[in-house]
Amino acid sequence: MKYLLVVLALMPLALASQEVLEVAFAAQDRSISSQIVDAIEAAKEQMPCGFPSMGIPPLAPLKISHQELNIDSGSLMAVGTIDNFRLYGLNDFDILQFRIQALLRKGTFEFNWNHVYLDTDYALTTRVSGVKMTRSGNAKFALKNLRIWGNFKYSMGLLGGAIKLNNFDLYISVGEVISDIGGLSKIGIINRKLNQVIEEWVYLAINDNTDYIPELTNGYLVPAVNNMIGDMTLSDILGMIGGGSGGSNNEGGQASEPVEKVPCVPPEDD
C-alpha cells in the first residue's frame, strides 16, 4: 500500500517532468527550423550574385550566352544551339512551411515559386519516330505557382555529428503553364495551337504524376545528396546554404560564431 502511495505522490512530478521535456524538445525544434529558414532566406538574397566560393554563378537570373545541344538516344535526336538564355524567378519563392522534429530525425517542408520563366533564342533540329524537323526562333516559357512540398528523414553520426539523408519524398504541382515558342510553324494560328498543346502536356505531366516523383527523388536524389555532403555536419550545411551566414554547431541549435557577410550587389543585366 505504501508503495502505491509513493507512486501516486510521484506521478505529478513525473507528469511535470514530461511536460518540461516536451516544451524543451519543441523549443529545440523551433530553433533548428528557424535557423534553416534563415539560411534559406539568406541564400535567396545571395542568388542574384551566385556563390563564388562554391563555383556557382548568379542564379537570379541564370544566364547562358551560348550552349550547344547534342542529344541522341536512338528514338529521340535533338541537335542545335541556344543563345541569350535567361531564367528568371528562381529566387521568387515563399517558404510556406519548414519544420524539423529533431527527436524523430525528420522534417516537413513546403515552398511556392510564384513565377519562374525563361527567354531564349534557339535553333534546333529534331528527329522523333523517324520524323525530322528544323526549327528556330525565340522561345518564352513560364510556370506560375509552382508548389513543391514533402518530407524527409535523416540520421546523424555519433562521432562528429555527420548528417545523412535517409528518405526524401518530394511532390510537385503547378498552377499555370504559359508557352510562347516561336518558329514551331510559319502559320501564326498553328504556332499558337502547338503552344497550347505544349502547355496542356506540361501541366498534365506535372500534376498527374505527382505521386511518382518520390520514387525518383529517393532513387536518384538521396544518393546524390549524401555523396555531395559527405561528412558534413548540420552546421556545415547551414553555413553552405546561407552563404557563410553561420549555423548551428550541433543538433541542439547552438549558434556558431557569426561570419560577416558581404552584401550582394547583383551584376548589371546585359
Side-chain angles (χ1 to χ4, degrees), residues 43-94 111-148 172-209 213 216 220-221 224 264-270:
K44 180 167 73 170
E45 294 180 3
Q46 182 65 27
M47 287 174 73
C49 295
F51 303 84
S53 63
M54 300 169 61
I56 299 176
L59 300 174
L62 173 63
K63 304 176 184 179
I64 301 175
S65 58
H66 178 79
Q67 180 66 50
E68 301 282 341
L69 299 177
N70 192 348
I71 302 172
D72 192 349
S73 61
S75 60
L76 171 65
M77 182 272 289
V79 178
T81 60
I82 59 172
D83 293 284
N84 304 315
F85 178 92
R86 299 288 186 273
L87 178 61
Y88 299 90
L90 291 180
N91 61 337
D92 183 18
F93 66 86
D94 299 308
F111 299 83
N112 189 81
W113 273 262
N114 301 300
H115 188 194
V116 180
Y117 60 102
L118 66 83
D119 186 336
T120 188
D121 298 318
Y122 77 97
L124 197 62
T125 297
T126 61
R127 186 186 67 241
V128 181
S129 300
V131 180
K132 188 175 181 179
M133 295 183 295
T134 299
R135 297 289 185 268
S136 63
N138 177 258
K140 295 181 174 67
F141 191 84
L143 300 176
K144 291 188 175 182
N145 292 322
L146 178 65
R147 189 167 70 100
I148 297 179
I172 303 176
S173 70
V174 65
E176 184 180 3
V177 179
I178 301 173
S179 178
D180 184 13
I181 303 174
L184 297 177
S185 173
K186 295 180 180 180
I187 302 175
I189 191 171
I190 295 179
N191 197 88
R192 180 57 199 148
K193 186 62 180 178
L194 291 173
N195 275 286
Q196 290 175 349
V197 171
I198 293 173
E199 291 171 352
E200 182 177 4
W201 185 87
V202 173
Y203 180 88
L204 294 176
I206 294 175
N207 292 323
D208 285 1
N209 291 283
I213 296 178
L216 297 176
Y220 297 97
L221 184 62
C264 169
V265 180
E268 294 185 5
D269 195 7
D270 49 21

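When reading the values below, keep in mind they use all heavy atoms of this one structure, side chains included, and skip hydrogens, waters and symmetry mates.
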Expected output: side-chain [X] to main-chain [Y] donor-acceptor under 3.5 Å:
X	Y	value
Y203	I178	no
E199	S179	yes
N191	I181	yes

**Prompt:** Do S185 and L194 pass the side chain to side chain contact (heavy atoms under 4.5 Å, CB included) test, and can you show the C-alpha distance, the side-chain angles, and the key distance before you say yes or no?
**Reply:** CA-CA 8 Å; S185 173; L194 291 173; 4.3 Å; yes
For [X] and [Y], which heavy atoms make the closest approach, and how far apart are they?
X	Y	value
K44	F93	NZ-O, 2.9 Å
G182	Y122	O-OH, 2.6 Å
P58	P48	CB-O, 3.2 Å
Q46	C264	OE1-CB, 3.8 Å
C49	P52	O-CD, 4.3 Å
A78	T126	CB-CG2, 4.2 Å

Check: [Y] and [X] side chains under 4.5 Å, non-hydrogen atoms:
X	Y	result
V177	L143	yes
R127	D72	yes
N207	V174	yes
N145	E176	no
F141	I198	yes

Euclidean distance, [Y] [atom2] relative to [X] [atom1], rounded to 0.5 Å:
X	Y	atom1	atom2	result
K63	T120	NZ	OG1	13.5 Å
L118	I64	CG	CD1	10.0 Å
I148	I213	CD1	CD1	8.5 Å
N84	H66	CG	NE2	10.5 Å
D94	R147	CG	CZ	13.0 Å
L146	S173	CG	OG	7.5 Å

**Item:** Intermediate values then yes/no, side chain to side chain contact (heavy atoms under 4.5 Å, CB included), N91 and L59
**Value:** CA-CA 8 Å; N91 61 337; L59 300 174; over 6 Å; no
**Item:** Counterpart residues, ring pair (Phe, Tyr, Trp, His ring centres under 6.0 Å), relative to Y117 (two or more places apart)
**Value:** Y88, H115
**Message:** As a quick check of understanding, evaluate side chain to side chain contact (heavy atoms under 4.5 Å, CB included) for D92 and V116, giving each step before the final call.
**Reply:** CA-CA 8 Å; D92 183 18; V116 180; over 6 Å; no
**Item:** Residue E200 excluded, over 12 heavy atoms near CD under 6.0 Å
**Value:** no
**Item:** Sole candidate of D119, D180, D121 that passes salt bridge (charged side-chain N to carboxylate O under 4.0 Å, His left out) when paired with K140
**Value:** D119
